Amino acid sequence: MRTPVVMGNWKLNGTKATVADLIKTFAGVANDAANVDVAICAPALYIGQVESLATGSKLKWGSEDCDVHTTGAFTGELSPSMLKNEFNCTYAIVGHSERRGYHAETNEVVAAKFKAAQDNGLVPVLCIGESEAEFDAGKTLDVCKAEIKAVIDLCGIDAFKNAIIAYEPIWAIGTGKTATPEIAQNTHKGIREFLKTFSAEVADGVRILYGGSCNAKTAPELFSQADIDGGLIGGASLKAPDFTAIIEAAKANA
Ligand code: 13P
């Protein structure tokens, strides 16, 4: 049985005041969600504040990206070892489509970030997913497999024993066009079958989250699908009632 995960990705949003309000609320909600892993990935500037407020609760936290380097002359970068050792992050999102798109991160760069995160004790959350044109062309699984294969080539299949995959169709992110439970389940199942060609144990154990306009209304049916193990939540993770309702949906399927 895979423990569901509900993870917020705040992207470039928030203020010290909203961080304080939301983290206090989510720490309480996480404490009441015994069978669900709840986490927030926050803008780097707020991670220290999140750590102060969430320490001692069941709420975990992480970064929205990390660099491949841990220290040195890399101006502006985010060190995986600092995230882990100085700020007690549990997770690092890598390969979000906004990073791949706006920062030209290739599958190889994302795989290197995955490795750096894992080598430094963080749990990488590998984001994968196709564009609308690729969806229309029936290439969803080809894209997802290539994005995963780059990580397997660099890190080996066993790296997914301690990692999370988030399937986030680009056309569903921030658009209100949530993938139907059927589309999402088919893709998650295809991803798991692909992993099974390398290792049945890894395929059965890895948690695959859905992301893309997942909200209080759409989460219950999405989370009830056999291969969907929770969600990576953007906009709705900035609204306390909505994120709380999504955690409730995960609890119902735990
Ligand atoms: P939305 O939930 O705002 O569509 O964003 C999803 C996402 O990109 C999470 O990483």
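Note that this is a predicted model, so its numbers are computed, not measured.
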Requested in this report: Using the side-chain contact (heavy atoms from CB on, under 4.5 Å) rule, take Phe223 and Cys214 through it: C-alpha gap first, then chi angles, then the decisive distance, then the call.
Outcome: CA-CA 10 Å; Phe223 293 176; Cys214 182; 4.1 Å; yes

Practice problem: Find out whether Glu248 and Lys251 are in side-chain contact, i.e. whether some heavy atom of one side chain is under 4.5 Å from a heavy atom of the other. | Solution: yes

Common cluster, Leu222/Ile233, ILVMFWY with side-chain heavy-atom separation under 4.5 Å: yes

Sorted by chain and residue number, the side chain to side chain donor-acceptor pair (under 3.5 Å) partners of Asp67 (sequence neighbours excluded) come out as His69

Tightest non-hydrogen contact, residues Leu78 and Ser63, listed as CD2-CB, 4.3 Å

- prompt: Going through the distances and angles, do Glu201 and Lys161 end up as a salt bridge (Lys or Arg N to Asp or Glu O under 4.0 Å)?
  reply: CA-CA 9 Å; Glu201 185 195 352; Lys161 285 184 177 166; 3.7 Å; yes

Smallest heavy-atom separation, Val50 atom then Ala42 atom, equals CG2-CB, 4.0 Å

- Would you say Leu59 and Ile164 are hydrophobically clustered, going by side-chain heavy atoms of ILVMFWY under 4.5 Å? no

Nearest heavy-atom approach of Ala30 to Val38 is CB-CB, 3.9 Å

(Q) Please tell me whether Val143 and Ile170 are part of a single hydrophobic cluster in this structure, the criterion being side-chain heavy atoms less than 4.5 Å apart. (A) no

Would a 4.5 Å heavy-atom cut-off, applied to side chains only, mark Leu238 and Thr18 as touching? no

Review point. Taking C-beta and beyond as the side chain, do Glu64 and Glu98 meet within less than 4.5 Å on heavy atoms?
Key: no

Q.
Taking the ring centre of each residue, are Tyr46 and Phe87 less than 6.0 Å apart?
A. no

Looking only at heavy atoms, the pair that brings Ala172 and Tyr210 closest together is CB-OH, 3.5 Å

query = Do the side chains of Ile128 and Ile165 get nearer than 4.5 Å, heavy atoms only?
reply = yes

Q. Given the rule that I, L, V, M, F, W and Y join up when any side-chain heavy atoms are under 4.5 Å apart, are Leu122 and Met82 in one cluster?
A. no

Closest non-hydrogen contact found for Ala92 with Ala117 is CB-CB, 4.2 Å

Q | Note, Leu232 side chain near Ile93 side chain (heavy atom, < 4.5 Å) | A | yes

Heavy atoms, side chains only, cut-off 4.5 Å: are Thr106 and Val109 in contact? yes

Any side-chain heavy-atom pair of Glu130 and Thr187 under 4.5 Å: no

* Asked: Just wondering, do Ile40 and Phe243 contact through their side chains at under 4.5 Å, heavy atoms?
  -> yes

When every non-hydrogen atom of Ile152 is compared with those of Leu195, the smallest separation belongs to CD1-CD2, 4.4 Å

**Prompt:** Linking I/L/V/M/F/W/Y whenever any side-chain heavy atoms sit under 4.5 Å apart, do Ile173 and Ile228 land together?
**Reply:** no

- prompt: Any luck finding a side-chain donor-acceptor pair between Asn215 and Thr218 under 3.5 Å?
  reply: yes

- Message: Looking at Gln49, I want to see if its CD is surrounded by more than 12 non-hydrogen atoms of other residues, nucleotides or ligands under 6.0 Å.
- Response: yes

- Item | Full working for side-chain contact (heavy atoms from CB on, under 4.5 Å) between Arg100 and Glu147 | CA-CA 11 Å; Arg100 293 178 190 264; Glu147 290 173 338; 3.7 Å; yes

*asked:* Taking Lys196 first and then Glu193, would you say they form a salt bridge - that is, a charged N and a carboxylate O separated by under 4.0 Å?
replied: no

From the list Arg2, Lys60, Arg207, salt bridge (charged side-chain N to carboxylate O under 4.0 Å, His left out) with Asp37 holds only for Arg207

